[in-house]
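Report on the following structure.
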Amino acid sequence: IMKTARARHSASGAPRGGGICNMISIASDHGGYRLKEHIKAYLTAKGINVLDCGCDSQESCDYPIFAKAAAVAVADGRCEKGIVICTTGIGVSITANKVNGIRCALCSDPLCAELTRRHNDANMLAMGAGVIGPNMAERIVDEYGSLQDLMDDIKNDPDRLGNFGVNNPAMLADSLARMHGSKREA
């Protein structure tokens, strides 16, 4: 059962807290249920709409059903990004990556989250609830999302289209350097 958690919006209709994207899918198994609920509340409080693809309790369940649903929501365009959670994060990341067009990265610290967005253009994030706690998960989610605007600027700039990201890392590095007002050393 999929449920959408709507973010609270300001009087102008814009999301409060400068939401990082329009909609994020999120899913977990029973081992990740509490962390999923925590992250869902955290995101909606920041003004981000969340599509909850399950599960709905801590009752034992099969993670592939829910991880696949979250991944399909990203792959078919209903959501811009996705987050999947199980006890280790391994099973849900493997399942998500089986969906065509998904690049799901398992992250257990903020640096990995930053680097996977910067270098791998991951469109899904996997976390292990038995490995990290709620505070670390928040930091990982923040880091994972913080580069989205920067990456969108590069992707949407007609002068920088063509081969983007991991297909042309030198061009990405040059683009980032120009945006930060410095030159990349060859």
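Note: hydrogens, waters and symmetry copies are ignored here, and every other heavy atom, side chains too, is used.
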Member of Asp56, Ile85, Ile39, Asp52 meeting the side chain to side chain contact (heavy atoms under 4.5 Å, CB included) criterion with Ser28: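 Considering Asp56, Ile85, Ile39, Asp52, a side chain to side chain contact (heavy atoms under 4.5 Å, CB included) with Ser28 is found only for Ile85.
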Which atom of [X] lies closest to which atom of [Y], heavy atoms considered:
| X | Y | result |
| --- | --- | --- |
| Met127 | Ile83 | CE-CG2, 3.8 Å |
| Val74 | Ser25 | CG2-OG, 3.5 Å |
| Ile102 | Ala71 | CD1-O, 3.4 Å |
| Ala70 | Ala27 | CB-CB, 3.7 Å |
| Ala113 | Ile140 | CB-O, 3.5 Å |
| Gly31 | Ala129 | O-CB, 3.5 Å |

With the side chain counted from C-beta on, respond yes when [X] and [Y] share a heavy-atom pair under 4.5 Å apart, and no when they do not.
| X | Y | answer |
| --- | --- | --- |
| Glu59 | His30 | no |
| Cys79 | Ile24 | no |
| Met136 | Pro110 | yes |
| His38 | Glu138 | yes |
| Lys81 | Tyr144 | yes |
| Val50 | Met23 | no |
| Ile65 | Asp62 | yes |

Arg34 and Glu37 ion-paired at < 4.0 Å: no
Problem set entry | Charged N-O contact under 4.0 Å between Glu114 and Arg118 |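 Counted as a salt bridge, because a side-chain N and a carboxylate O are separated by less than 4.0 Å.
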Under 4.5 Å between side-chain heavy atoms, hopping through other hydrophobics if needed: is there a path connecting [X] to [Y]?
| X | Y | result |
| --- | --- | --- |
| Met124 | Ile132 | no |
| Val92 | Val99 | yes |
| Val72 | Val84 | yes |

Working to the nearest 0.5 angstrom, can you tell me the gap between [X] [atom1] and [Y] [atom2]?
| X | Y | atom1 | atom2 | value |
| --- | --- | --- | --- | --- |
| Cys61 | Tyr33 | SG | OH | 11.0 Å |
| Lys68 | Tyr63 | NZ | OH | 13.5 Å |
| Cys53 | Lys36 | SG | NZ | 8.5 Å |
| Ile26 | Leu43 | CD1 | CG | 6.0 Å |

Whether the side chain of [X] engages the backbone of [Y] through a donor-acceptor N/O pair (distance < 3.5 Å, no angle test) should be reported.
| X | Y | answer |
| --- | --- | --- |
| Arg103 | Asp121 | yes |
| Ser93 | Gly89 | yes |
| Asp76 | Arg78 | yes |
| Asp29 | Gln58 | no |

Exercise for review: Dump the intermediate steps for side chain to side chain contact (heavy atoms under 4.5 Å, CB included) on Val141 and Leu125, then the final yes or no.
Suggested key: CA-CA 8 Å; Val141 167; Leu125 171 66; 4.1 Å; yes
### Asn100, CG atom: more than 12 neighbouring heavy atoms under 6.0 Å
no
Margin query: Side-chain heavy atoms under 4.5 Å apart, restricted to Ile/Leu/Val/Met/Phe/Trp/Tyr: what other residues fall into the cluster of Ile94, or is it alone?
Written below: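 So far as hydrophobic clustering goes, Ile94 is joined with Ile90, Leu106.
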